[in-house]
Amino acid sequence: MPASDVATLLAEMKGAVQENVPLAPMMHLRIGGPAEWFVEPFAEQDVALSVRACNEHGLQLHILGGGSNVLVSDQGVRGVVIHLGKLNRIVREGNRITVGAGVTLPSLLRTTREAGLAGLEKLTGIPAVVGGAVAMNAGTRDGETFEHLVSLTVVQSDGRIAILSREDCSPKYRNGGLGDAIVVQATFELEPDEPDAIYARFAASLAARNKSQPVTQRSVGCVWQNPKGDAAGRLVEESGCKTLRANGVAVSDKHANYFVNDDTGTAEDFVDLMRQVRSRVKQEFGVELQPEVKFWGFSGSCIS
Ligand SMILES: Cc1cc2nc3c(=O)[nH]c(=O)nc-3n(C[C@H](O)[C@H](O)[C@H](O)COP(=O)(O)OP(=O)(O)OC[C@H]3O[C@@H](n4cnc5c(N)ncnc54)[C@H](O)[C@@H]3O)c2cc1C
């Protein structure tokens with residue numbers, strides 16, 4: 001981009017704008033190259049202005065939440081990555097709690113527990129921020145993000161701000177169904193309960209998760225979507241993939257739907273392992289696994 005355009009872009013983008021920012025430290029997996037542009041808006045109006053600036057300059061736009069479900073290519077990402085970490089307000093009104101998209105789920109869960117508001121503890125252990133949890137309709141077998149949602153503020157792809165009620169949304173399994181809209185704020189309606197009772201449920205979920213998932217290792221959570229009526233982890237395990245690895249990335253021996261990075265892995269290793277596993281599962285069960293992880297900065301379908 002010519003220097004004059006860069007100057008215009010910087011003036012139009014509202015928030016802290018940086019060029020060539022390494023993304024790996026922000027990703028749960030600790031893998032990936034830099035973002036060409038990295039923007040941290042201070043308020044939802046700034047998100048809207050940044051979206052309009054991207055549209056105007058024909059720049060690709062990615063929204064980064066907690067980085068727990070994204071694989072960034074080793075070459076990084078062209079265009080603009082918007083990070084909503086500065087949208088971090090939490091406001092309580094009765095049983096309702098309104099949260100900025102950049103608030104982490106663990107911090108929201110701590111707040112609601114201390115306030116004696118129950119419901120969100122079913123999301124215990126998901127290392128997302130609120131925006132990412134809504135966008136993906138993150139959940140566990142106990143329930144999902146949209147269950148307690150009453151309304152959302154989003155920035156639409158044309159840069160306009162809109163308020164959506166729960167009835168306006170059609171969430172699906174691990175997909176909030178919001179298309180290109182950017183979640184900037186969410187309001188949840190919760191139920192009053194004793195903080196100790198909420199804490200007990202929270203601790204039980206955490207203990208169960210620690211037993212069955214490699215929570216202390218670098219991963220993106222589940223790599224593959226569960227095929228209808230089956231579990232991707234079972235297919236991976238029973239096709240003999242649990243010992244597979246590609247350099248620094250290995251199939252977890254605790255949960256076969258997780259790949260873990262030993263801190264030396266690259267995005268290319270991750271994709272290589274995906275190809276190996278996918279091909280073995282296809283051979284063994286005739287099932288073509290579909291990725292749950294989102295790919296940024298890759299061209300075409302990198303796993304086929
Ligand atoms: C150890 C581990 C355990 C996990 N366990 C679970 C689990 O139990 N259940 C589950 O559902 N998931 C789980 N995940 C996956 C992941 O946490 C979820 O998919 C989560 O919703 C991703 O949120 P994030 O904030 O990290 O988003 P990111 O990974 O940063 O982004 C994910 C997608 O959401 C989009 N996005 C992010 N923020 C916004 C926004 N504000 N507006 C619009 N789009 C946005 C991104 O562009 C991207 O497409 C796990 C992951 C890990 C690493």
Side-chain angles (χ1 to χ4, degrees), residues 23 26-32 35 40-41 44 47-48 50-51 60-72 77 79-88 99-108 121-147 152-157 161-162 164 169 171-186 205-206 208-210 212-226 233 252 254-255 257-261 270 291-297:
L23 290 174
M26 289 173 243
M27 312 310 293
H28 202 271
L29 194 58
R30 296 295 189 273
I31 282 179
E40 290 186 281
E44 55 195 51
V47 180
S50 297
V51 168
Q60 243 192 37
L61 180 59
H62 290 92
I63 311 302
L64 178 62
S68 63
N69 202 32
V70 173
L71 178 68
V72 176
V77 186
V80 174
V81 171
I82 291 187
H83 183 247
L84 302 177
K86 295 190 193 304
L87 305 190
N88 56 8
V99 207
V103 172
T104 66
L105 279 190
S107 125
L108 176 59
E121 62 276 15
K122 56 191 63 150
L123 305 180
T124 298
I126 303 179
V129 299
V130 167
V134 173
M136 298 288 296
N137 191 19
T140 62
R141 62 174 62 136
D142 297 327
E144 47 194 28
T145 306
F146 268 74
E147 267 174 36
L152 282 178
T153 308
V154 298
V155 173
Q156 295 169 328
S157 56
I161 296 176
L164 307 179
C169 306
K172 303 179 196 70
Y173 179 76
R174 303 299 169 259
N175 178 356
L178 297 168
D180 289 334
I182 302 173
V183 179
V184 288
Q185 184 172 282
S205 300
L206 211 55
R209 191 179 273 271
N210 288 346
S212 60
Q213 296 171 15
V215 291
T216 56
Q217 288 175 285
R218 308 269 171 225
S219 76
V220 289
C222 290
V223 175
W224 307 103
Q225 297 171 24
N226 287 326
S252 161
K254 214 165 179 183
H255 190 311
N257 202 10
Y258 280 60
F259 290 2
V260 291
N261 171 24
F270 199 97
E292 182 154 313
V293 58
K294 309 278 179 212
F295 299 100
W296 287 8

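In each ligand, atom 1 is the first atom listed, and ligand 1 is the first ligand listed. Keep in mind it's a predicted model, so treat the numbers as computed, not measured.
Between G221 and ligand 1, no N or O atom pair is found at a separation short of 3.5 Å. At least one N/O-N/O distance between N69 and ligand 1 falls below 3.5 Å.
Counting heavy atoms from C-beta outward, I161 and V184 have side chains that stay 4.5 Å or more apart. Contact annotation: the side chain of Q217 never approaches that of S219 to less than 4.5 Å [non-hydrogen atoms, C-beta and beyond]. Between T140 and S205, every side-chain heavy-atom pair lies at or beyond the 4.5 Å cut-off. Inter-residue side-chain proximity for S157 and V51 is flagged as unmet; no heavy-atom pair is nearer than 4.5 Å. No side-chain heavy atom of V80 sits less than 4.5 Å from a side-chain heavy atom of S50. Two residues are said to be in side-chain contact when any heavy atoms from C-beta on lie closer than 4.5 Å; V183 and L178 meet this criterion. Between F259 and V293 there is no side-chain heavy-atom pair separated by less than 4.5 Å.
Contacts between W296 and ligand 1, counted as non-hydrogen atom pairs separated by less than 4.0 Å, involve the side chain only. No part of H62 comes within 4.0 Å of ligand 1, judged by heavy-atom distances. When non-hydrogen atoms are compared, ligand 1 lies under 4.0 Å from the backbone of V220 (N, CA, C, O) but not from its side chain.
Checked by atom type and distance alone, the side chain of N257 pairs as donor or acceptor with a backbone atom of W224 at under 3.5 Å. Side-chain atoms of R209 come within 3.5 Å of backbone N or O of T124 as a donor-acceptor pair. At distances below 3.5 Å, not a single donor-acceptor pair connects side-chain atoms of H28 with backbone N or O atoms of V220.
Heavy atoms of V215 come nearer than 4.0 angstrom to ligand 1 in no pair at all. Heavy-atom distances between K294 and ligand 1 reach below 4.0 Å in at least one pair. Remark: distances from the non-hydrogen atoms of R209 to ligand 1 include one below 4.0 Å. In this structure, P214 falls outside the shell of residues with a heavy atom less than 4.0 angstrom from ligand 1. For Y173, the heavy-atom gap to ligand 1 stays at 4.0 angstrom or more.
Contact atoms of ligand 1 toward A181: 43 (C) (distance under 4.0 Å to a heavy atom of the residue). Of all atoms in ligand 1, listed by their number and element, those nearer than 4.0 Å to a heavy atom of H28 are 53 (C). Under a 4.0 Å criterion applied to the non-hydrogen atoms of L84, ligand 1 contributes the atoms 41 (N). Residue S219 has at least one heavy-atom neighbour below 4.0 Å for each of these atoms of ligand 1: 1 (C), 53 (C). Close contacts of ligand 1 with I182, meaning ligand atoms under 4.0 Å from a residue heavy atom, involve 42 (N), 43 (C).
Partners of E147 according to the salt bridge (charged side-chain N to carboxylate O under 4.0 Å, His left out) rule, which considers only residues two or more places apart in sequence or in another chain, are K122.
Among all protein heavy atoms, the one lying closest to atom 9 (N) of ligand 1 is G139 O, 2.6 Å. Shortest contact from atom 24 (P) of ligand 1 to any protein heavy atom: G66 N, 3.3 Å. Regarding atom 22 (C) of ligand 1, its nearest protein heavy-atom neighbour is S68 OG, 3.4 Å. Looking at atom 46 (C) of ligand 1, its nearest protein heavy atom turns out to be I63 O, 3.0 Å. Ranking protein heavy atoms by distance to atom 33 (C) of ligand 1, first place goes to M136 SD, 3.8 Å. In terms of protein heavy-atom proximity, atom 20 (C) of ligand 1 is nearest to A128 CB, 3.6 Å. Protein heavy atom at the shortest distance from atom 44 (N) of ligand 1 is A135 CB, 3.4 Å. Protein heavy atom closest to atom 42 (N) of ligand 1, with residue, atom name and distance, is V183 N, 2.9 Å.
The two residues E292 and C222 come nearest to each other via the heavy atoms CB-O, 3.5 Å.
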Please output the side-chain donor-acceptor pairs of residues 130-138 that fall under 3.5 Å, not counting sequence neighbours, one pair per line with the distance.
{"residue": "N137", "atom": "OD1", "partner": "T145", "partner atom": "N", "Å": "3.4"}
{"residue": "N137", "atom": "OD1", "partner": "F146", "partner atom": "N", "Å": "3.2"}
{"residue": "N137", "atom": "ND2", "partner": "E144", "partner atom": "OE2", "Å": "3.2"}
{"residue": "N137", "atom": "ND2", "partner": "K172", "partner atom": "O", "Å": "2.9"}

